[in-house]
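This report refers to the structure that appears directly beneath it.
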Amino acid sequence: MRRSSFGMLVSFGLMAGCGWGSGALGAESLEWLEQEAFRRAVERIAPSVVRIETIGGMERVEGLLFGTGPTTGLVVGADGYIASAAFNFLNRPSSILVQLPDGTRRPAELVATDHSRMLVLLKIDPPEPLAVPEFTPPDEIQVGAWAIAVGRAFEIGQPNVAVGILSAVNRIWGKALQTDTAVSPNNYGGPLIDIHGRVLGLLVPLSPQADNEVAGVEWYDSGIGFAIPGFELQRIVERLKGGKDLHPGLAGFHFGRENIYIAPPVVVGVRPNSPAYKAGLEPGDRIVRVDDRSVARAAEVKEAVSRRYAGQTLSLVIERGEQRRECQIELAARLEPYEHPFLGILPVRSRPKPGQPQQSEAGVAVRYVWPDSPAAKAGMNAGDRIVGLGGGAVKDAASLRESVNQRSPGDQVEVRLRRGDRQLQVAVTLGRLPEEPPGGPLPPAWPAGGDRQQREAEPAAGGATDFQSLKIPEFENDAWLYAPPQAGPPVSYGLVVWLPQPGPVDRRQLLQQWRLHCRRDHLLLLVVQSASTDRWLPREAELVRRLLDQVTATHAVDPTRVVLGGCGAGGSLAFLTAVRNRDVVRAVVLVDSPMAGVAPENEPPYRLAFYVAKTKKTAVLDRVDAAVARLRRMKYPVCVRILGQAPRELNVEEMAELARWIDSLDRI
Amino acid sequence: MERGPGQIGVRRSGTRGPTGRLVHAVGMVVGLVAGGLAATHSGRCQSMVDTIAQVQAKMVKIYGAGGLRGLEPFQSGFLISPDGHVLTVFSHVLDTDEIAVVLADGRRFVAQLVGADPRLEAAVLKIDGSGLPAFELDEAVDVPAGTRVLAFSNLFGVATGNEPVSVQHGVISVQTRLEARRGVFETTYRGPVYVLDAVTNNPGAAGGAVVTYGGQLVGMLGKELRNARNNTWLNYALPGRALAPSVKALLAGQPTAQAAPEEPAKPPRSLTLDDLGLLLVPNVVPRTPPYVDHVRPGSPAALAGLEPDDLIVLLNDRLIQTCTQLLEELEFVDYEDPVSLTVLRGHQLLEFTLQKRR
């Protein structure tokens, strides 16, 4: 510091010679005074900014090469407590060293991690009491004020400095300050200070959209940086001292798919056995107050939940019909995996009527009853019409599926039926979605219509010309869509997106495999070819999504039967695309494919089923088996087929069974 | 991929789109103009606007070889003599007989390469001229961290023809040295640099000038450089004072002073773990922590007091993060020299000096 001060004097002495000294007019001296203030502020905080070194640890975190360079920490307790960014330790180093500004090294213990605000607390045994910084009081944190980011990543004797302003407060669901100061691994874990050298916040990478561990690091030096406010940091540190990690609090209810910034806070689903469920929250409840604040938008409730930790309580006032009631939800760190319940039927599909609302009869006609299913045990038959469930009326298959999804396997529910002229009521104990397809051929999916005969009259042979070529401008990939010829009244189509192994695609052969099923079960077949001849790239998941959107825009696609599938690497990309696009994908078919990426938690609105065909002699078998076990633990239904010793295509019987599995995806 | 600011800083891929950085830079220029206007009515005192005008006249745009495989065919430079000497970085752009230098007012010259110092990655060009506005390299100043600076460069080749180059503002973040050891920075330069808090080092910016708000030369923007220790791009300048001796030699037609290489040489025979009597845990993952697995009885390690399960964290005061790194560092230690090892044992750091028996 001494040398620096000297340099400063020299340089400003020279500046003064050119008219930049304190003797100049106010306009000039302001620049100088500000610079002088930056220097003093940094000088004030410097004794509290330490350097952190790690030993060992993983080379890559979430696919990113993880740096080994020194990082920064901030003293928060004279007795040796040091806060830093969780990012700096994502590689799980085997040991951590803290280097104090005077060069002394001390081994550090990681006391606990805050997984919501991505902070860690370290403890060292200091040679003498450490310098605890002053924190800016909340009411003095002002947008537009100078903000200086301080790190100690380059030199132990000299902090590295970046200057900017405070851009916003209450960012990332109310958790963080935002600054335009250059924030990067060079100062993550260090303080953002005000012009007085007080701590505004602790610098961490964060992202408002994503919440994976490395989220936000790609924004470094972009003019968008985040810091956890200092006054909150002090409270968090006290909690972390107990040695227990803090986790984001989860409630277990969700809103609809509308834009949460516009939609009112009306609960659409409550996860069984979740904190919200235990607190008595029900679908249809409208949240009007959170704590003492009235709320009008779903986003306000999301913010209130997001800033809380597991173990904390969310106090809601809800409106249910005419009534107002209070609801105390004790937030949890994790929710029990959700499992979709099963009634045991296939619905008769209703025909799409473009341009006009559905005028069909209320209720759901039963197309098929699964043998030994809850519905079968309760005596339901094909041909029955389900008109009510658990006291509510059933409008159509989608609303029936939604009300079943709000329950759990094992729940008992009253089902009201119309059978011919009779009304009956049966009690059903809900089961779990079956992994296996129905055993035999299924009855027609549509109410009686004239299309069958015409379909039979169509020629059976076909070639590549049956495909329509599709292209997405930014991608080189070729893609082809086969749509079975439409005959008779309109139907909605299932959609199978097939991603073969990388390289040239034999479309004619694929069509031979699929044509019959496409025509009988009303399936569209979309075949996509990899851009490279030897691999699929993760970015091609975006291509698949864009193609899905394109086909959905031009064809009547049944949202319950959208299937992605593929062989080998193609299947891996199908899996990746599916987990990234749960809003549209309902099933994944994998033939000897390891699964790329991790499936998200199972959730009521996003039903996802897996069909896994595997060969015994493949290098990926262990990974496939591990992934299947993981999916089952997460309560996803997985149908597994063993193809034998050597890799091969699905044979005719297996294709027929797969088609039946796809045809039964709209099961309830 | 989601749109939005995420795109701005995306640099994981190794290639980067200019958009983000450009937006950043333009924002800065706008900010500057506003700041500068406040200071214009200052009579004899130098305002930021004056500073910019004076510095711009000394800046040049350099066009040469490149244009293939993502190598831009342009860079920046500045005049260091009224006779037309230009200081810039030594790069692929100069690898042609047709180096074009364009002054701020649009005057265009064909430049000769006077000489280059490959170690500093600096080069001096000469254009025909006299009475040109120029920096005096000897008068370059040394500034501490926190000093406000302006950076002038033709980043991304935004300036064409008779336009002046782009101006950015920021502060000196820290003075540091580019590490002399393997692979952290891919450059031959080993010495002091100024790190800046603005995104200054972009394609085409190398050779640009960093000056104080008063217009004094601080340094020259270097080539684009990644910091391999935390996978970020480094924004930095080579100090003018580090360049001056070499440039003086080039101007005098003398070979540049080949300072003793700072990279330490390996001894003819290096110390080995076996010499010390140490066996580490199997080095099975990319970053295996250097835990001691076995200490041979009677060996220097045993005599010094090292024990199994000790974690070696420092070797002669250099941080050791992996088994591989420990082996690499040992190659720089002569087998006859004593070596200091600091280990983590439980919650304690313990330092030992080991001496191979003669």
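Chain identifiers are assigned alphabetically (A, B, ...) following the order of the sequence lines, protein sequences preceding nucleic acid strands; residue numbering begins at 1 within each chain.
Looking at A:R44, its side chain does come within 3.5 Å of a backbone N or O of A:H196 through a donor-acceptor pair.
Ion pairing between A:E53 and A:R105 holds under the 4.0 Å rule for side-chain N and carboxylate O. A salt bridge does not link A:K123 to A:E109: none of the charged nitrogens lies less than 4.0 Å from a carboxylate oxygen. The pair A:R546-A:E474 counts as a salt bridge, with a side-chain nitrogen and a carboxylate oxygen less than 4.0 angstrom apart. At a threshold of 4.0 Å, the pair A:R106-A:D125 does not count as salt-bridged, since none of the basic side-chain nitrogens sits closer than that to a carboxylate oxygen. Under 4.0 Å is where a charged nitrogen must lie from a carboxylate oxygen, and between A:R545 and A:D583 at least one such pair does. Salt-bridge formation is not detected for the pair A:E155/A:R51: no Lys NZ or Arg NE/NH1/NH2 atom is positioned less than 4.0 Å from an Asp or Glu carboxylate oxygen.
Taking 4.5 Å as the heavy-atom cut-off, the residues of residues 342-349 of chain B that approach chain A are B:L344, B:H347, B:Q348, B:L349, ordered by number.
When heavy atoms are compared at a cutoff of 4.5 Å, A:T54 approaches chain B by way of both its backbone and its side chain. If you measure heavy-atom distances from B:V313 to chain A, the contacts under 4.5 Å come from both the backbone and the side chain. Looking at A:F154, the atoms closer than 4.5 Å to chain B (heavy atoms on both sides) sit in the backbone and in the side chain alike. If you measure heavy-atom distances from A:I148 to chain B, you find no contacts under 4.5 Å at all. Neither the backbone nor the side chain of B:L196 comes within contact range of chain A; no heavy atom of the residue lies under 4.5 Å from a heavy atom of that chain. With a 4.5 angstrom heavy-atom cutoff, A:N186 touches chain B via backbone and side-chain atoms both.
Between chain B and the options A:G151, A:G69, A:P107, A:A541, heavy-atom pairs under 4.5 Å are most frequent for A:P107. Between chain A and the residues B:V285, B:L319, B:T322, the most heavy-atom pairs under 4.5 angstrom are made by B:L319.
A side-chain contact (heavy atoms from CB on, under 4.5 Å) with A:I472 is found for one member of A:D549, A:V544, A:L543 and no other, namely A:L543.
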CA sep, side-chain torsions, deciding dist, call: A:F226, A:Y188, ring pair (Phe, Tyr, Trp, His ring centres under 6.0 Å):
CA-CA 9 Å; A:F226 297 104; A:Y188 289 151; over 10 Å; no
